[in-house]
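Remarks on the structure that follows.
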2 protein chains.
Amino acid sequence: MALEHAILVSLLEQPGSGYELARRFDRSIGRFWTATHQQIYRVLRRMEADGWIAAEEVAQDGRPDKKVYSAAGPGRAALAEWLREPVEPETVRHELAVKIRAAAFDDPSALISEVERHRESHAALLARYLHGEERDFPDLAALDARQQLQYVVLRGGIEYERMTLAWLDDVLATLRRLAGAGDEQDSEFR
Amino acid sequence: MALEHAILVSLLEQPGSGYELARRFDRSIGRFWTATHQQIYRVLRRMEADGWIAAEEVAQDGRPDKKVYSAAGPGRAALAEWLREPVEPETVRHELAVKIRAAAFDDPSALISEVERHRESHAALLARYLHGEERDFPDLAALDARQQLQYVVLRGGIEYERMTLAWLDDVLATLRRLAGAGDEQDSEFR
DNA sequence: TCCTGCTATGCAACGAGTTGCATAGGCAAT
DNA sequence: ATTGCCTATGCAACTCGTTGCATAGCAGGA
């Protein structure tokens, strides 16, 4: 499990409460590691019990109190140890790929609007990444080590989205070709 | 959950036993949807109970009997229904991306050999994809609908691996630059 | 001969992840 | 006034996924 490590990294970059972490996982980090607030709260409690992180109660006005966590020494040590362990091969779950192969046994044209929706959401994400690139990394010469590593991960996201967009266009062309051919075949029976 | 649907697609493409399915998930399908034999057996039993698939006991000599499953009518109907439902946004788990950001709080050079190993395994996978492309899709003009859809998924895999290789080179260059800078800084203290 | 490995299926236990719901105050709009 | 949304945390129940182990016959090599 690496959720604990993803949380540690996030807390090292910036301390925060469970709620704040959940929102970070919905945004930036969440593009590389997803988690719900339930998971995060549970893991935070375990990590605090293990001494990986330290909590501080913070009173707020007009809002519920929050517990702000930050990474502690044992947490940093655990992270360093994890870094030296080999990663297990990524488990991939490409639902759309399964659907595309499934379309062979049904009507391929039924998938077109679905793929178009995917295309749009990937295009929107790419735009957000590019915006973040301009905003967070304007001066390439002035980046410290942490920023350089954040930036190379962002570049990976950008390239992934570009590649995915091109592939989805390829998929759409294929589906439309098959839908067209299917129509022609139907018309032969008239 | 889409494991059931991935299994249905696989059985529609070619009937098989639980064991055979598990091996397919280790190979071709497994690049887009992973599953262990335990999961597969459990889901197969449920699907058979629901009438989605039909089983036939097959005696073999020199080997244990096997149960060969094939997709039944209700299974096809369930698949068609699923095709019309929108997919939930893919849950991504990019452990390496987390590690790269974590490296900012430890020694970046400790990650280099890890990334190199990843690079090699992606290069090997790309080679296998390209080999499969030559073997399974030599005559592009003669592909039926099913093959065209399989091929467009394979093209996605190929482009993904190419993109990943390029990104890992980018990551390696960044890590080496940081490792070099770290060494130089150390040497200033001598 | 023994050990390893392959085919083929399965149980039991655990850990990870999801979903629904609850609390509780504040804010803004209808 | 009521409705709905936001911050902030949490319980309980469930499903999904993983790991370890078991059986059982056959094949091949040390």
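Sequence lines set the chain letters: A, B, ... in the order given, protein chains first and strands last, and positions in each chain run from 1.
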(message) Could you tell me if the side chain of A/Arg93 sits less than 4.5 Å from the side chain of B/Leu3, heavy atoms only?
(response) no
(message) Could you tell me if the side chain of A/Phe105 sits less than 4.5 Å from the side chain of B/Glu13, heavy atoms only?
(response) yes
(request) Could you tell me whether B/Glu81 atom CD has more than 12 heavy atoms of other residues or ligands within 6.0 Å of it? (result) no
(request) Whole angstrom is fine here: how far is it from CD in B/Gln39 over to P in C/dG17? (result) 13 Å
(request) Identify the two heavy atoms, one from B/Asp106 and one from A/Arg84, that lie closest to each other, and give their separation to 0.1 Å. (result) OD2-NH1, 2.8 Å
(request) Report yes if the side chains of B/Glu48 and B/Tyr69 come closer than 4.5 Å at any heavy-atom pair, otherwise no. (result) yes
(message) Near DNA chain C, counting only heavy atoms under 4.0 Å, which residues of residues 74-83 of chain B show up?
(response) none
(message) With a 4.0 Å limit, can you tell me whether B/Arg23 has a side-chain N or O closer than that to the phosphate oxygens OP1/OP2 of C/dA8?
(response) no
(message) Just the rounded figure in Å: distance from P of C/dA16 to CD of B/Glu95.
(response) 13 Å
(request) Write down the distance between CG (A/Leu44) and P (C/dG17), rounded to a whole number of angstrom. (result) 14 Å
(request) Rounded off to whole Å, could you give me the CD1-to-P distance for the A/Ile40 and C/dT18 pair? (result) 10 Å
(request) Decide yes or no for A/Asp144 and A/Gln148: does some side-chain heavy atom of the first lie under 4.5 Å from some side-chain heavy atom of the second? (result) no
(message) Tell me if the CD atom of A/Glu85 is crowded by more than 12 foreign heavy atoms within 6.0 Å.
(response) yes
(message) Which is more 5' along DNA chain C, the nucleotide nearest B/Val68 or the one nearest B/Arg93? Just name the residue.
(response) B/Val68
(message) Any donor-acceptor pair under 3.5 Å linking the side-chain atoms of B/Gln14 with those of B/Arg24?
(response) no
(message) Could you tell me if B/Tyr151 and B/Glu133 have a donor-acceptor pair between their side chains, going purely by distance under 3.5 Å?
(response) yes
(request) Select from B/His37 and A/Thr34 the residue whose nearest nucleotide in DNA chain C is closer to the 5' end of that strand. (result) B/His37
(request) Starting from P on C/dT18, measure out to CZ on A/Phe25 and report it in whole angstrom. (result) 12 Å
(request) Respond yes when some side-chain nitrogen or oxygen of A/Gln38 is under 4.0 Å from OP1 or OP2 of C/dT18, and no when none is. (result) no
(message) Quick check for you: name the first and last nucleotides of DNA chain D, 5' to 3', having an atom under 4.0 Å from a heavy atom of chain A.
(response) D/dT7 to D/dG17
